[in-house]
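Model, not experiment: these values are computed from the prediction. Every heavy atom of this structure was used, including side-chain atoms; hydrogens, water molecules and symmetry mates were not.
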Amino acid sequence: MTEPTQTDWLQTPAPASEDDEVLYVDVDGYEGPLDLLLELARRQKVDLAGISVLALAEQYLAFIETIRDKRIEIAADYLVMAAWLAYLKSRLMVPQAPGDEEPSGEMMAALLQFRLKRLEAMRNAAAQLMNRPRLGFQVYARGLPEPVTIHKRSLWEASLFDLLKAYAVQRERGQQSDYSPLQRTVWSLQEARDILQRLIGESMDWVPMDTYLAQYLLSPEERVTIRASSFASSLELVRQGQIEVRQNLAFGPLFMRRRSGGSDKGDA
Amino acid sequence: MSGFADEEIAVDDDDRALIAERNLRVVEALLFGSSEPLASADIAVYLGEGADVEKLLATLAERYAGRGVNLVKRGSKWAFRTAEDLGFLLRREETENRALSRAALETLAIIAYHQPATRAEIEEVRGVATGKGTLDLLMEAGWVRMRGRRRTPGRPVTYGTTDAFLDHFGLESLGDLPGLEELKGAGLLSSRLPPSLQIPLPFDGPLREDEDPLDPDDIDHTDEPAEVDELQGATHPLDDDI
Amino acid sequence: MSGFADEEIAVDDDDRALIAERNLRVVEALLFGSSEPLASADIAVYLGEGADVEKLLATLAERYAGRGVNLVKRGSKWAFRTAEDLGFLLRREETENRALSRAALETLAIIAYHQPATRAEIEEVRGVATGKGTLDLLMEAGWVRMRGRRRTPGRPVTYGTTDAFLDHFGLESLGDLPGLEELKGAGLLSSRLPPSLQIPLPFDGPLREDEDPLDPDDIDHTDEPAEVDELQGATHPLDDDI
């Protein structure tokens, strides 16, 4: 009999019905079937130890029957309890046969009594607890507590590197107003071509390219881009048959002149 | 101030008395200033290392005995509270705006007297299913906490009461629960049948052998995880101290 | 209990003492539990008609004098308060490590290299206005102090670094701050800077010829005068040693 009783409730047949006159109670007012049983037991006006479990079971079953007759919806656990009580009743009325493995009716009755007593005890305990001088009702804590206030003190962190970097960055920033970055001139191919066409003009003499470009080549920064763009453009002009280009030796000066007679191709 | 006995420096009785009196004032101020009970460890940090906090607390409690305000022990913590016998005078008009339902009340009593208790055990006593809301409400009130998980199939959560429960109902420990001895004598604290030999007593100490700690994500199931956590954390070191 | 004097019933001294003691307990509990200071009229309603509330309050205040908690009168109302000398119990300092903001770091760096530096000089290098808050923060951190006032129109305050500054950044003296070439060598300064760029020799010694001492009420302009004062005091004797 060490297993909890709930499983037992499920193993029993349908309940028998019986009439009783005290059943005007509303099932909604109860905290479950055990609570209802406790209420019914109290109506026997005897100590729980002296109640007639058989009478109690009959009252309960009658109550449930009335509820069902009225077609009131009833929670399943009330029906489970009814089934268990019906079984209990049958066990109580039929003497235990030898070799019967099932719990005896007396054992089941004792179990029910125990559960009712325990529930009643807990209910009384709850009432006693609530009747104690409770905090905030009869007993008070300090009404004006003086809580500990926490002052957060910041411990600042910075490394020497951070400091030096911050300084250096600012000093450099201060100098940047005097500094103008170099604007590198880049001759586009179109630009170089226009200039070459203009400089060579109608000249039919071989003239070195650098001579044509002399005035532009004065600034050393731009020399490379001017030469490169001009040379590339000159090749295009040669392809179009506008000029002729000649070089006498490797890395020697590049001579250019107007090609006579229009669009025939010249040799490089 | 600390360890003067070890160092065998002669500290005369006057000095000792002065130090003790100063420490008493500190303990008094700390407890008087707080609305929540304080553990002796909370107090110790404000005193010299050699201070015997428990003794100071006992001395202070003695001084306040019979006064309008008493120093009371609630679980492992201490607090100043108005004297119980003045309750009828101080009772405030404002009635309980949040009366506990009968279900919540019964559930609280069952947890208090049967702890550690699982939900199935609570339901077994009440003979009816316990809504999740009822337990949540009790945990929200700060009276009930999840303790751990029972080492049985399904690993059900075990519930117990908190120090705030003791504080609210004016109990020094679970041993002060009303009618505890009678209930124990009648075998009504058993979750089993009366013939069972062992009659358990309610227990709100550290986890028992048949309890596992809560799973990390159990905490998330409650509305106030921090509190549950804190309450649990707070119980352990103190139990060791006693 | 009420009006016993009027009724001319012989009440012996023991009874009077008992009643007074009981009333004291009630007053004590009321004041303890109240969420606001109470006037004697508030208290009187809880006592018998013949009770002398002012006298009870005076008695109670006397009993609590010298304790960790005192009964104090604020205006016409009474309340328990933590004894003033134990006020430190109610304040707890927690330190929090925080990184210095860029503005603060830059200002500190300029003060370090250019000290003694006025706020206008700092702003000139930074190119932006320096908030009062930044300087306050650096002074609160204990790294910057007010040195004196420059003998120029407007007598601006000169700022310098403290020993705590040297300590924090691991410098033995300001001379350990890397100079121009070292900064370049460390890659912190570009090597393309014009030769006109110079780094001044910082100076944190006693007041220079162009500095006056601070005015007496300069100290009050800071949030924590005591600290600034202390730092200043601490610097001078060391300067003499060097």
Side-chain angles (χ1 to χ4, degrees), chain A residues 1-7 9 29-38 48-49 75-78 80-81 84 103 107-108 110-149, chain B residues 29-37 69 72 79-92 96 100 102-103 105-110 112-114 120-121 123-129 164 167-171 177-180 182-183 186-196:
Chain A
M1 210 53 183
T2 50
E3 275 304 302
T5 52
Q6 278 165 324
T7 46
W9 300 352
Y30 292 98
E31 292 274 340
L34 211 55
D35 185 33
L36 172 58
L37 272 171
L38 195 56
L48 277 181
D77 43 1
Y78 286 87
V80 172
M81 177 61 94
W84 188 81
M107 228 166 179
M108 290 173 69
L111 171 65
L112 182 61
Q113 264 178 316
F114 169 72
R115 295 190 71 208
L116 290 173
K117 274 199 281 187
R118 191 175 56 182
L119 179 61
E120 191 179 50
M122 283 303 108
R123 194 160 288 172
N124 291 339
Q128 278 182 284
L129 268 182
M130 296 310 279
N131 283 335
R132 286 190 60 79
R134 289 160 58 199
L135 188 67
F137 297 99
Q138 289 99 337
V139 168
Y140 295 92
R142 174 84 183 269
L144 266 173
E146 298 175 82
V148 175
T149 54
Chain B
L30 284 171
L31 284 164
F32 222 92
S34 169
S35 58
E36 300 297 317
V69 173
V72 294
F80 275 113
R81 297 287 179 250
T82 58
E84 281 189 10
D85 66 307
L86 298 177
F88 73 96
L89 254 176
L90 305 179
R91 183 177 214 124
R92 295 208 177 133
E96 276 174 78
L100 281 179
R102 233 176 72 181
L105 219 50
E106 281 180 22
T107 304
L108 176 64
I110 293 164
Y113 286 80
H114 291 258
E121 286 161 359
E123 291 177 350
E124 212 265 326
V125 175
R126 294 192 63 224
V128 71
D167 193 26
H168 185 90
F169 293 100
L171 306 166
L177 281 172
L180 187 64
E182 296 89 305
L183 291 172
L188 290 171
L189 295 185
S190 168
S191 56
R192 308 270 183 247
L193 272 181
S196 100

Walk me through whether M122(A) and H114(B) qualify under side chain to side chain contact (heavy atoms under 4.5 Å, CB included). CA-CA 10 Å; M122(A) 283 303 108; H114(B) 291 258; 3.7 Å; yes

Side chain to side chain contact (heavy atoms under 4.5 Å, CB included) for V139(A) and V72(B)? Distances and angles first, verdict last. CA-CA 12 Å; V139(A) 168; V72(B) 294; over 6 Å; no

Check against side chain to side chain contact (heavy atoms under 4.5 Å, CB included), L105(B) and L129(A): CA-CA 9 Å; L105(B) 219 50; L129(A) 268 182; over 6 Å; no

Please step through side chain to side chain contact (heavy atoms under 4.5 Å, CB included) for the pair V128(B) and D77(A), ending with a clear verdict. CA-CA 7 Å; V128(B) 71; D77(A) 43 1; 3.6 Å; yes

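Taking each heavy atom of S34(B) and P145(A) in turn, the nearest pair found is C-CB, 4.5 Å. In this structure, R132(A) and F169(B) approach most closely via the heavy-atom pair NE-O, 2.5 Å. Contact between S35(B) and A141(A) at its shortest, heavy atoms only, is O-CB, 3.8 Å. The two residues A103(B) and E31(A) have their closest heavy-atom pair at CB-OE1, 3.5 Å. Contact detail for G187(B) and F114(A): the closest heavy-atom pair is O-CE1, 3.5 Å.
Checking side-chain atoms of T82(B) against main-chain N and O of Y140(A) turns up a donor-acceptor pair under 3.5 Å.
R118(A) places none of its side-chain heavy atoms less than 4.5 Å from the side chain of L183(B).
Atoms CD and CG, on E124(B) and L34(A) in that order, are 9.0 Å from each other to the nearest 0.5 Å. Atom CG of D35(A) and atom CD of E106(B) lie 6.5 Å apart (nearest 0.5 Å). Y30(A) contributes atom OH, which lies 9.0 Å from atom CZ of R102(B) (distance to the nearest 0.5 angstrom). Taken from CZ in R123(A) to CZ in R126(B), the straight-line distance is 7.5 Å, to the nearest 0.5 Å. For the atom pair CZ of R115(A) and CG of L188(B), the computed distance is 13.0 Å after rounding to the nearest 0.5 Å.
The pair R134(A)-E84(B) fails the salt-bridge criterion, with no side-chain N (NZ, NE, NH1 or NH2) lying under 4.0 Å from an Asp/Glu carboxylate O.
With a threshold of 4.5 angstrom between heavy atoms, A79(B) does not approach chain A through any atom at all. Only the side chain of L177(B) comes within contact range of chain A, judged by heavy atoms closer than 4.5 Å.
Looking only at heavy-atom pairs under 4.5 Å with chain A, the residue among L86(B), D85(B), T107(B), L171(B) that has the most is L171(B).
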